[in-house]
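Let me begin by presenting the structure, written as structure tokens, before commenting on it.
Letters A, B, ... are given to chains in the order of the sequence lines, protein chains preceding strands, and every chain is numbered from 1. Predicted model only: the values in this text are computed from it and were never measured.
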Number of protein chains: 2
Amino acid sequence: MRPVKVLEHVVPIGALAERTGVKVETIRYYEQVGLLPEPERSEGNQRRYGRAHVERLAFIKHARDLGFAVESIRTLLRLSDTPGMACDEAHAISAGHLKEVRDKIARLRSLEAELARIATVCSGGVAACDCAIIEALADHARCEHHNH
Amino acid sequence: MRPVKVLEHVVPIGALAERTGVKVETIRYYEQVGLLPEPERSEGNQRRYGRAHVERLAFIKHARDLGFAVESIRTLLRLSDTPGMACDEAHAISAGHLKEVRDKIARLRSLEAELARIATVCSGGVAACDCAIIEALADHARCEHHNH
DNA sequence: ACTTGAAGCTATAGTGACTATAGGTTGTAG
DNA sequence: CTACAACCTATAGTCACTATAGCTTCAAGT
């Protein structure tokens, strides 16, 4: 049996990137801002990640995909590291973020309606248009979008 | 009749900010990046804006509120400055932006569903939760959100 | 053993669209 | 004439990366 020189779960940064779908540069960035702990290094000073890093980075990736801010993720990670952790706080972060997402959706729907209106004004051919889109943008008074 | 020292439509930057709802710093920024032309200056080197500036800044504000990128606005302004302008191009920019907004809405709705699911897992009391939100984030396999 | 080339390293600057700060000057009302 | 708000420039900071330059290390092939 050959000596186990490289454990299956000890991987360089490129492999970690491939496994988690997070870019190499982004991984180094997460380390820099303290989201991902500093890993061991090879003799030649290259990063070597273990199973714990893979899991932690997967957590971060999933949370980022869901739109959580890095600051929120930092808190969530801290909570998950705490043994008898405060579930309330995690719930609050999650609920707060859900509210933000819903607000953003509402705002975008309002924009969508206004943009659709503007876009159709000009679709009737060159005759009516000199140019209706430009005019719609210039003339706020005629705007049905009142969020602002 | 008193001499018309200050025309009603020649205003300092603060008044322009108030009229358009754009912050003073942002106005200077727009000038810096070439969206808003450099205005006349007072003897003491302070900016003095005329009616044209008010209108142009209102256009920019409206377009930004609608989520157009500064780069798109630059193009739209160029088009609106052209006499026999290319309405097609304005229409394309507008339609492209509408598509972006719709894509963004779709993505956010997917996030919303997943977040709502995660948030409810934990709402049944402390018993079931150690902590379900953290677990949901850690365990991507159980995730119903498949955009990523 | 040696070469080559991909993958890794650090440090720094750039992105978009502002926002904030420091430290100075001007305009105007009392 | 004195306060003081409003203005000025220049520079740095925000967020979450992304890109670049100029190196070193690793692993596979000859």
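Note: OH (Y29(A)) to P (dA11(C)) measures 17 Å, nearest angstrom. A straight line from CD of Q32(B) to P of dA12(D) spans 14 Å, rounded to a whole angstrom. Going from atom CG of L35(B) over to atom C1' of dG16(C) covers 12 Å, rounded to whole Å. Distance CG (D65(A)) to P (dA16(D)): 14 Å, rounded to an integer number of Å. Between L16(B) atom CG and dC8(D) atom C1' the separation is 16 Å, expressed in whole Å. One can place CD1 of I73(A) at 8 Å from P of dA16(D), the figure rounded to the nearest angstrom. Atoms CZ (F68(A)) and P (dA16(D)) sit 13 Å apart, rounded to a whole Å. Rounded to an integer number of Å, the gap from CD of E25(A) to C1' of dA11(C) is 14 Å.
Looking at I27(A) and H53(A), their side chains never come closer than 4.5 Å, going by heavy atoms from C-beta outward. With a 4.5 Å cut-off on side-chain heavy atoms, Q46(A) and I13(A) do not count as touching. Put simply, the side chain of Y30(A) reaches to within 4.5 Å of the side chain of R64(A), judged on heavy atoms.
In this structure, T26(B) reaches the dT19(C) phosphate: one of its side-chain N or O atoms is under 4.0 Å from OP1 or OP2. For Y30(A), no side-chain nitrogen or oxygen approaches OP1 or OP2 of dA16(D) to under 4.0 Å. Side-chain N/O atoms of R64(B) include one lying less than 4.0 angstrom from OP1 or OP2 on dC18(C).
Between R41(B) and E43(A), it is R41(B) whose nearest contact on DNA chain D lies nearer the 5' terminus.
Here the CG atom belonging to L35(A) is positioned 10.0 Å from the CZ atom belonging to F59(A), to the nearest 0.5 angstrom.
A salt bridge links R117(A) with E114(A); the closest basic N to acidic carboxylate O contact falls under 4.0 Å.
Taking both residues in full, the closest heavy atoms of R102(A) and A116(B) are given as NH2-CB, 3.9 Å, listed atom of the first, atom of the second, then distance. Among all heavy-atom pairs drawn from I93(A) and S72(A), the shortest one is CG2-CB, 3.9 Å.
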Output one line per pair: protein atom, nucleotide atom from nucleotides 1-7 of chain D, and distance, for all N/O pairs under 3.5 Å.
unit_1	atom_1	unit_2	atom_2	d
dC7(D)	OP1	G14(B)	N	2.7

